[in-house]
Amino acid sequence: VGNYVVSGIILSTSEFATTESPAPGFMPNVGNGYLAYDIGCPTEDASSSAGYMFVAGIYTGLDVVTPSHRALIPQKHAYFIDSAEYNGVTMKNHTWMASLNIEKGVFTNTSTFTDDVGTSCVIEMSWFAHRHLKEFSVLQIIATSTDEKCRFKLQSCNALESNDVNEVSASEQDGVFINVYETKEAETSTGTLSRIMVTGSAVPNEFLGQDSLVTLMGVHDVSVESEVATQSFLNSYHSLDSTSFDDILKLHIEAWGELWESGIEIAGNDTIAASVNASYYYILSSLDETIEWSVSPGGLAKNSYNGHVFWDCETWMEPAVVPFYPGIAGAMSAYRLHRLGTAVQKAKSYGYKGAMIPWESGFTGVDVTPTGNIEAEYEIHITADVALAMRMYSYFVSDSLNDPLYANLDYGYWEYIESCATYLADRVTCISPVEQTEKVKGLNACDSYSYLNVQPPDESGAYCLLCLTCTRDALF
């Protein structure tokens, strides 16, 4: 990437490391389906959340105009080791190793400082978004050197403000800093703004040998919460803050362990196995079965494509999720189900029956494809893509409807598929009555830019027509 060359080290098929600094914006990230962030400091990469964080369902910006996009929220866990001294003298040599353990969901950065006579001072920082306690992120800093003459300088690169949110209030309660942020613009003209409470404790800017610290960051959606619920969250923060780090970590690792009980095992090629495991890690870091939300390209820790949900999810990600994590797939489907009404309204606005799925969607489900991206007018195959994903999900859970795991899911997917099929059927026109061939008006091939070469759009692409046929057949 540019002038950056990173030598990756595969410690195992579930742990990866490097001793070189990745390009800005290419640091790993941690997440739990509710909150996620890139490790490191803010960069010029507009899609990176380093120094900030993203929270599922928190968007700002007016529909296609601004446009709507995932809101950058200031966080409290962006720190790095700036330098070290030994007996008051700055240590000139600095090496580090960064490792991501996807089995445990923990990123660790170990910095080693040495001088010309071989004196060594080592400090370790570890981050994770708690897999079980969704509203919390954990940062541990521990100086592993036993010599108290080692002194480390810690620097903060936490973002103090954001172009996406306003700070509504800032206070302190029993040593905990509490900041409340509000998004600057609703997704629709009649929509409401979202509010997020972020809590955290002070972190010293110096560490001595043998020093250690565990600090929590709490993230709580207070958009529609009551004072009782907010106080309950704060009580949980204080309770967790008094819990031992080992117990906090154990609960987190156990939650990840339950996820890794399912998946794909590849023998004989560690590189491929590591790639598959890493892909699953980033998908799972962006989703959770208790959070009815979907995923955008790049995952929850990135603002790629403005954090919008579109066909990448149903076509490329959900098929890998459904067989192993049907509960998570159910949450992904619920995102679509609860926004069926906006898809019906979109179809009506074009004069069609049924449901027209927008090319890109965010919080409310309205079309948020940025103005000027005219391919959104032709990528109507997304309606069939989503319907096919619903069909696939229904097949996997059809034998489990009495399972308590699925008791709280909305089984309106057949109505959803029917609405999609109705819309697509309404666009069908006859080409040749003799040959009984048909086409779909305005259907673009799945190549997003094929409309540039084919005008009007290719209305008989094999893949798209197959999707339409399968959508129709799903009803029978």
Hey, is [atom1] on [X] packed in by over 12 heavy atoms from elsewhere, all under 6.0 Å?
{"X": "His132", "atom1": "NE2", "result": "no"}
{"X": "Glu124", "atom1": "CD", "result": "yes"}
{"X": "Lys346", "atom1": "NZ", "result": "yes"}

Just by distance, with hydrogens left out, do Asp164 and Tyr52 show a side-chain donor and acceptor under 3.5 Å apart?
->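 Distance-only check fails for Asp164 and Tyr52.
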Any luck finding a side-chain donor-acceptor pair between Glu187 and Thr364 under 3.5 Å?
->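 The criterion, which ignores hydrogens and geometry beyond distance, is satisfied for Thr364 and Glu187.
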Electrostatic pair [X]-[Y], nearest N-O below 4.0 angstrom:
{"X": "Arg336", "Y": "Glu314", "value": "yes"}
{"X": "Lys153", "Y": "Glu85", "value": "yes"}
{"X": "Lys134", "Y": "Asp288", "value": "yes"}

Hey, could you give me each pair passing ring-ring contact (aromatic ring centres under 6.0 Å, His included) that has a residue in residues 312-335? Not counting sequence neighbours.
->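 ring-ring contact (aromatic ring centres under 6.0 Å, His included) check on residues 312-335 returns Trp293-Tyr335, Trp311-Trp316.
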Residues which pass salt bridge (charged side-chain N to carboxylate O under 4.0 Å, His left out) with Lys250, listed by chain and number, not counting sequence neighbours =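 Salt bridge (charged side-chain N to carboxylate O under 4.0 Å, His left out) check on Lys250 returns Glu254.
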Between atom OG of Ser14 and atom OH of Tyr281, what is the distance when rounded to the nearest 0.5 Å?
->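 These two atoms lie 12.0 Å from each other.
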By disulfide bond (SG atoms under 2.5 Å apart), which residues pair with Cys121, not counting sequence neighbours?
->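 If we apply the disulfide bond (SG atoms under 2.5 Å apart) test to Cys121, skipping adjacent residues, the hits are Cys150.
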